[in-house]
Novice: 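Just passing along the structure, written as structure tokens.
Computed from a predicted model, the values in this text were never measured in an experiment. Letters go in sequence order (proteins before strands), and every chain restarts at 1. Note: hydrogens, waters and symmetry copies are ignored here, and every other heavy atom, side chains too, is used.
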Amino acid sequence: MKLYLLTRIGVLFLAGTATAILGAQEKDQNIAGPKILALERAWNLAESAGDLKALDALFDNELIYVDVDGSLMNKTQFLAHMKSTHPQQVITELMTVQVFDDTAIVNGSYRSNELKNGKPIVRRGRFTDTWVYKNFTWVCITAQATPILE
Amino acid sequence: MKQTCLLALLIFSIAGCAQAQTGNDGAARLKITALEESWYQAFKAKDTKAVDSILDERVLLVNDDGSVQTKGEFLAAMKYMFSQPVAQQQHVRPESLEIKVFGTTVVAIGVMLVEGVEHGKTYRRRERFLDTWKYKDGSWLIIGTEATPILH
């Protein structure tokens, strides 16, 4: 019985250590950086395709979204907004990621091609997204966009 | 009996951890509220040193016109603005603030009223700001910040 308990404790300890090592690696700039940039690209694709399920998976349930007009939305409101609007083509022009342990900040600029009153318009904006490493995965907790005045 | 005791111990431990987490969240919430206030006061007092102390070295600041600045550029711009006559300076007044805690990362979101003079014309606008704070080496620092004009 004692041997069984010790073995179980040993296995749990090793599993815990392995998880901690993997978790630490996941938060390394060189590993997390490209992963988060890939998630940002997945977001763009999902938004262009109107894929709400894919978007839902990228966001934390506590998402705070500040739209380009300064309006504030939570995750449910943002997904509903996505559902009600025409899919738009968003092209990321520039993107950098900085990892701070279990948190990452993405800064970038984008160009979006939209239709307004039936006419195509191009908008440029700057964005800041915050990602956190939670339950062995990166999720977006905040996203904000600001128009670039030219 | 032993199993019951262990189960009870486990439940108490989990409850204790949850309580500690809530307590930490509360403390972080209070701390960030105070730091947001100190940032506003530092700006009002033209204290660039105090602003310097709450910005992480790697932070990128996105302004309300979509321009982006490094910490050095932002502090230099602040110093330049404060060297101008008072009438030319920008004035900021916070209207609301909400804090959300995500472990050792805290998000402060709010609305501020910004007044100033641009190209000889006065402006007054409301902006939504979002600051991301991270607990690093014993202190809280801003690692991301952006302000967006509220258009409606």
Side-chain angles (χ1 to χ4, degrees), chain A residues 1 5 23 27 29 33 36 59-75 93-112 123-135 138-150, chain B residues 2 6 25 55-71 95-114 118-119 123 125-137 139-152:
Chain A
M1 182 64 181
L5 273 175
K27 294 179 236 168
Q29 171 83 38
I36 288 157
F59 303 136
D60 186 73
N61 287 336
E62 296 294 310
L63 174 79
I64 302 164
Y65 186 88
V66 180
D67 211 353
V68 76
D69 61 356
S71 58
L72 180 66
M73 288 183 243
N74 60 27
K75 183 177 177 176
E93 295 177 328
L94 190 79
M95 197 159 49
T96 60
V97 59
Q98 307 228 50
V99 180
F100 301 85
D101 190 35
D102 61 355
T103 307
I105 302 285
V106 179
N107 286 103
S109 60
Y110 68 89
R111 187 159 42 89
S112 69
R123 287 182 209 258
R124 287 190 71 229
R126 190 86 59 185
F127 66 88
T128 305
D129 300 333
T130 309
W131 296 78
V132 293
Y133 190 68
K134 202 174 162 185
N135 301 328
W138 287 95
V139 284
C140 182
I141 58 165
T142 79
Q144 183 170 13
T146 302
I148 296 175
L149 301 180
E150 290 170 289
Chain B
K2 264 186 188 172
L6 278 172
D25 283 6
L55 294 173
D56 187 85
E57 291 306 315
R58 291 190 286 158
V59 70
L60 288 176
L61 303 101
V62 178
N63 297 308
D64 54 8
D65 61 355
S67 64
V68 64
Q69 289 173 313
T70 61
K71 177 180 174 175
E95 284 188 355
S96 67
L97 180 68
E98 195 192 332
I99 308 289
K100 278 203 171 188
V101 182
F102 298 85
T104 57
T105 304
V106 177
V107 174
I109 180 147
V111 174
M112 60 186 174
L113 183 70
V114 183
E118 214 166 47
H119 310 300
Y123 63 84
R125 57 180 174 247
R126 292 174 76 232
E127 294 179 358
R128 180 102 48 202
F129 68 89
L130 196 154
D131 300 331
T132 306
W133 295 80
K134 178 79 187 158
Y135 191 69
K136 269 178 82 184
D137 306 323
S139 55
W140 289 95
L141 294 170
I142 291 178
I143 57 170
T145 179
E146 182 163 337
T148 308
I150 299 173
L151 303 179
H152 51 79

Novice: Hey, is NE2 on B:His119 packed in by over 12 heavy atoms from elsewhere, all under 6.0 Å?
Specialist: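 Result for NE2/B:His119: open.
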Novice: Can you tell me which portion of B:Asp56 sits under 4.5 Å from chain A's heavy atoms? Options are side chain, backbone, both or neither.
Specialist: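 Contact with chain A involves the side chain of B:Asp56 alone.
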Novice: Hey, what do you get for CD1 (A:Ile141) to CG (B:Leu130), rounding to the nearest 0.5 Å?
Specialist: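 These two atoms lie 8.5 Å from each other.
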Novice: Could you work out, with salt bridge (charged side-chain N to carboxylate O under 4.0 Å, His left out) as the rule, every residue matching A:Asp60, not counting sequence neighbours?
Specialist: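 Listed in chain order: A:Lys134.
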Novice: Can you tell me how far the CG atom of A:Asn107 sits from the CZ atom of B:Arg58, to the nearest 0.5 Å?
Specialist: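 Going from CG on A:Asn107 over to CZ on B:Arg58, the span is 11.5 Å.
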Novice: With rounding to the nearest 0.5 Å, note down the distance linking CG in B:Asn63 to CD1 in A:Ile148.
Specialist: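 Here the rounded value is 11.5 Å.
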Novice: With chain A as the partner, which of B:Thr145, B:Ile150, B:Ile143 has the greatest number of non-hydrogen pairs under 4.5 Å?
Specialist: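 Answer, by heavy-atom pair count under 4.5 Å with chain A: B:Ile143.
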Novice: Taking the side chain as every heavy atom from C-beta outward, state whether B:Leu60 and A:Thr128 have any atom pair closer than 4.5 Å.
Specialist: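 No, their side chains stay 4.5 Å or more apart.
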Novice: Can you name the closest pair of heavy atoms from A:Ser71 and B:His152 and give their distance?
Specialist: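 Distance-wise, the nearest heavy atoms are CB-NE2, 3.7 Å.
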Novice: Under the side-chain contact (heavy atoms from CB on, under 4.5 Å) rule, what do A:Arg126 and B:Val68 come out as? Steps first, then yes or no, please.
Specialist: CA-CA 8 Å; A:Arg126 190 86 59 185; B:Val68 64; 3.9 Å; yes
Novice: Let's go through A:Val68 and B:Thr148 carefully: what are the C-alpha distance in whole Å and the side-chain angles of both, what is the deciding distance for side-chain contact (heavy atoms from CB on, under 4.5 Å) to 0.1 Å, and is it a yes or a no?
Specialist: CA-CA 7 Å; A:Val68 76; B:Thr148 308; 5.7 Å; no
Novice: For the candidates B:Thr132, B:Asp65, B:Val62, B:Val111, which exhibits the highest count of non-hydrogen atom pairs separated by less than 4.5 Å from chain A?
Specialist: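 Among B:Thr132, B:Asp65, B:Val62, B:Val111, the one with the most close pairs to chain A is B:Asp65.
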Novice: To the closest 0.5 Å, what do you measure between NZ (B:Lys134) and OG1 (A:Thr130)?
Specialist: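 B:Lys134 atom NZ to A:Thr130 atom OG1 measures 11.0 Å (nearest 0.5 Å).
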Novice: Please classify the contact of A:Ser109 with chain B as side chain, backbone, both or neither, using a heavy-atom distance under 4.5 Å.
Specialist: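 Contact with chain B involves no heavy atom of A:Ser109 at all.
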Novice: Are B:Pro149 and A:Thr146 close enough that some pair of their side-chain heavy atoms sits under 4.5 Å apart?
Specialist: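 SC-SC contact between B:Pro149 and A:Thr146 confirmed.
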Novice: Find out whether B:Lys100 and A:Ile64 are in side-chain contact, i.e. whether some heavy atom of one side chain is under 4.5 Å from a heavy atom of the other.
Specialist: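 Yes - at least one pair of side-chain heavy atoms lies under 4.5 Å apart.
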Novice: Which bit of B:Ile109 is near chain A, if near means a heavy-atom gap under 4.5 Å: side chain, backbone, both or neither?
Specialist: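 It is the side chain, since no backbone atom gets that close.
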Novice: Quick one: are A:Gln144 and B:Phe129 in side-chain contact, heavy atoms under 4.5 Å?
Specialist: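 Side chain of A:Gln144 against side chain of B:Phe129, heavy atoms only: no contact under 4.5 Å found.
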Novice: Taking all heavy atoms of B:Lys136 and all of A:Phe100, pick out the closest pair and write down the distance.
Specialist: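 Taking every non-hydrogen atom into account, NZ-CD2, 4.2 Å.
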